[in-house]
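Here's the structure, in structure tokens; my notes come after.
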Amino acid sequence: MPALASHRKPRTRTGMAGLRANSPAVGFTTAALASVTLLSTQSANAAPTEPKPSVEEVQKKVDDLYRQAGTATEKYNKAKESTDEKRREVDQLLDDAAKRTDKLNESRRTLGNYAAAQYRTGAVTPTAALLLADSPQAYFDQTQLMDRMTDRQRTVIDDYETQRAAAAKQRAEATKSLESLTDSQKALRTSKQEVQAKLSEARSLLSKLTAEEKARLAAIEREKEEVARRKAEAKAKEEAKARADAEAERKRREQAQQPGGDSGTGTGTGTGTSDGAYAAKADKVLSFARSQMGKPYVWGATGPSSYDCSGLTQAAWKAAGVDLPRTTWDQVKVGKRIATKDLLPGDLVFFYDDISHVGIYIGDGKMIHAPKPGANVREESIYYMPIYGSVRPA
């Protein structure tokens, strides 16, 4: 009998060798392994991430950017002042050139009239003119008139040449001034872009801070303000003592001048006539400055709704009848240099080595100033920033 065929299924091999290369499981595993390998390689080759700056570093960087923006603002103010001056100069030169051209045209018309007269009468000889005259006397009168006219012609010709040369000179000056105006306008645009770049970078740094970091930054500012406040209080005590000493000296001199007293005049530090005049001006300066408190700082602004630092000092002293230059760099050269210990209300206090900020001293170690973008005109200790020096403008 023939053997029966086996109906049992062949055994399936379950080892890795038994998996087909195109198996879905194999494809997934291979892709996963490749991804892990790729990520590992990328991680190994990636540049190390820079650590996030600390709040203290951000605060220092932002303060430095604001100071640089202040310097750029003074450059802008200087360039704007120069641009305005050059524009006025060019306008005046162009106006003068137009008037000179009118005079030149007038001289040219006069010469034309003389030329036409000579053309009409030039063909008549002296003999013919004598024969054609109504009388010999009329001839001699006409000849004398023509001689005088010849002198006038020479004068007109000389005047014409003078006007022509002057007009050419003014045109050359106007051209040169226009070139200078163009350079000033370029400097103005460059300074404006520099200010905007610094402020934009500062805003970007601040915007990246978390709420906790912003709170820490505010705490650092308060600590800085507290240190400056204590220094101002110490100066206020020194000034109070100096005033008390001066008052005591004044009374001593008054008693000495009374009958029977010492006739000595003393050498006290009381206010003389010049100090009194300065104090009167300073009162007007401080009155104006206080009335501007709360108005925003805007770089390049000179009032009345907003100010930068030197714009405020310029406007305040103008209220007292004193014209100050536009920039801190020029304002520091005005008047008399004053030591910090000798400051009086109304004096100008300048800050930083590059003299990029200024405030108005009000006494007791404090000033009124337009601080920086985002802040308003306010009172503050003069010790909040490093002092460069001070001047008494008038």
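Heavy-atom basis, side chains included; hydrogens, waters and symmetry copies ignored.
- Residues L286 and G346 come closest through the heavy atom pair CD2-N, 4.1 Å.
- In summary, R230 and E226 engage in a salt bridge, as defined by a charged side-chain N under 4.0 Å from a carboxylate O.
- The CZ atom of R378 lies 12.5 Å from the CD1 atom of I368; values are rounded to the nearest 0.5 Å.
- Taking hydrophobic clusters as Ile, Leu, Val, Met, Phe, Trp and Tyr residues chained together by side-chain heavy-atom distances below 4.5 Å, V358 does not share a cluster with V298.
- Counted within 6.0 Å of CD on E223, heavy atoms from surrounding residues, nucleotides or ligands total more than 12; the atom is thus considered enclosed.
- A donor-acceptor pair under 3.5 Å is formed between the side chain of D347 and the backbone N or O of L344.
- Sorted by first and then second residue, the ring-ring contact (aromatic ring centres under 6.0 Å, His included) pairs involving residues 192-219 (not counting sequence neighbours) form an empty list.
- A donor-acceptor contact closer than 3.5 angstrom is absent between the side chains of E81 and N77.
- Heavy-atom minimum distance, A316 versus F288: CA-CD2, 3.3 Å.
- Put simply, I382 and V227 are part of two different groups of oily side chains (I, L, V, M, F, W, Y) that touch within less than 4.5 Å, one to the next.
- Side-chain heavy atoms closer than 4.5 Å link hydrophobic residues (I, L, V, M, F, W, Y) into clusters, and following such links, possibly through other members, connects V332 to V285.
- Remark: the T302 side chain and the Q314 side chain contain no N/O donor-acceptor pair separated by less than 3.5 Å.
- Around NZ of K192, the count of heavy atoms belonging to other residues, nucleotides or ligands within 6.0 Å does not exceed 12.
- We find the NZ-OG1 distance between K78 and T328 to be 9.5 Å, quoted to the nearest 0.5 Å.
- You'll find the side chain of H357 stays beyond 4.5 Å of the side chain of Y388, heavy atoms only.
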Is there a salt bridge (Lys or Arg N to Asp or Glu O under 4.0 Å) between E249 and R252 once you walk through the steps?
CA-CA 5 Å; E249 178 63 17; R252 188 192 69 77; 2.9 Å; yes

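- Side-chain atoms of E239 and D364, non-hydrogen and from C-beta on, do get closer than 4.5 Å to each other.
- The side-chain heavy atoms of E201 and K61, taken from C-beta on, include a pair separated by under 4.5 Å.
- With a 4.5 Å cut-off on side-chain heavy atoms, D354 and R67 count as touching.
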May I have the step-by-step check of salt bridge (Lys or Arg N to Asp or Glu O under 4.0 Å) for D63 and K224, ending in yes or no?
CA-CA 12 Å; D63 282 351; K224 183 179 177 181; 3.6 Å; yes

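- Checked by atom type and distance alone, the side chain of S287 never pairs as donor or acceptor with a backbone atom of D283 at under 3.5 Å.
- The cluster map of Ile, Leu, Val, Met, Phe, Trp and Tyr, joined by side-chain heavy atoms under 4.5 Å apart, puts I360 and M385 in different clusters.
- Note that the CD atom of Q292 and the OG atom of S305 stand 10.0 Å from one another [nearest 0.5 Å].
- For the pair E233 and K237, the salt-bridge criterion is not met [side-chain N within less than 4.0 Å of a carboxylate O].
- Taking CZ of R243 as the reference point, atom CZ of R250 lies at 14.5 Å (rounded to 0.5 Å).
- Smallest separation of non-hydrogen atoms from P345 and Y278: O-CE2, 3.7 Å.
- In terms of heavy atoms, C309 sits closest to S356 at SG-O, 4.0 Å.
- Using a 4.5 Å cut-off on side-chain heavy atoms (C-beta onward), V391 and F350 make contact.
- Put simply, the side chain of Y352 does not reach to within 4.5 Å of the side chain of T71, judged on heavy atoms.
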Just do the side chain to side chain contact (heavy atoms under 4.5 Å, CB included) check on Q59 and E56 with the steps written out, would you?
CA-CA 5 Å; Q59 188 256 352; E56 288 77 9; 5.6 Å; no

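- A salt bridge is absent between K60 and D64: the closest approach of a Lys/Arg side-chain nitrogen to an acidic carboxylate oxygen does not fall below 4.0 angstrom.
- Contact between L324 and P393 at its shortest, heavy atoms only, is CD2-CB, 4.0 Å.
- Residues T73 and D308 have side chains that never bring a donor and an acceptor to within less than 3.5 angstrom of each other.
- The backbone N or O of K186 lies less than 3.5 Å from a partner atom in the side chain of T190, making a donor-acceptor pair.
- One hydrophobic cluster, built from ILVMFWY side chains closer than 4.5 Å, holds both W329 and V322.
- A salt bridge is absent between R88 and D84; no separation between the charged side-chain nitrogens and carboxylate oxygens falls under 4.0 Å.
- Hydrophobic clustering, defined by side-chain heavy atoms of Ile, Leu, Val, Met, Phe, Trp and Tyr closer than 4.5 Å, groups L205 together with V55, V58, V62, L65, Y66, Y76, L188, V195, L199, L206, L209, L217, I220, Y297, W299.
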Would I387 and F351 count as a side chain to side chain contact (heavy atoms under 4.5 Å, CB included) if you check the C-alpha gap in whole Å, the side-chain angles of each, and the deciding distance to 0.1 Å?
CA-CA 4 Å; I387 297 173; F351 301 90; 3.7 Å; yes

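- Between the side chains of Q331 and T313, at least one donor-acceptor pair of N or O atoms lies under 3.5 Å.
- Within a 6.0 Å radius of NZ in K295, other residues, nucleotides and ligands contribute more than 12 heavy atoms.
- Other residues, nucleotides and ligands contribute more than 12 heavy atoms inside 6.0 Å of the NZ atom of K235.
- In this structure, OG on S191 lies 11.0 Å from CD on Q196, to the nearest 0.5 angstrom.
- Here the closest heavy-atom approach between residue E74 and residue R326 is recorded as OE1-O, 4.4 Å.
- Looking at H369 and Y384, their side chains never come closer than 4.5 Å, going by heavy atoms from C-beta outward.
- A salt bridge is absent between E254 and K251; no separation between the charged side-chain nitrogens and carboxylate oxygens falls under 4.0 Å.
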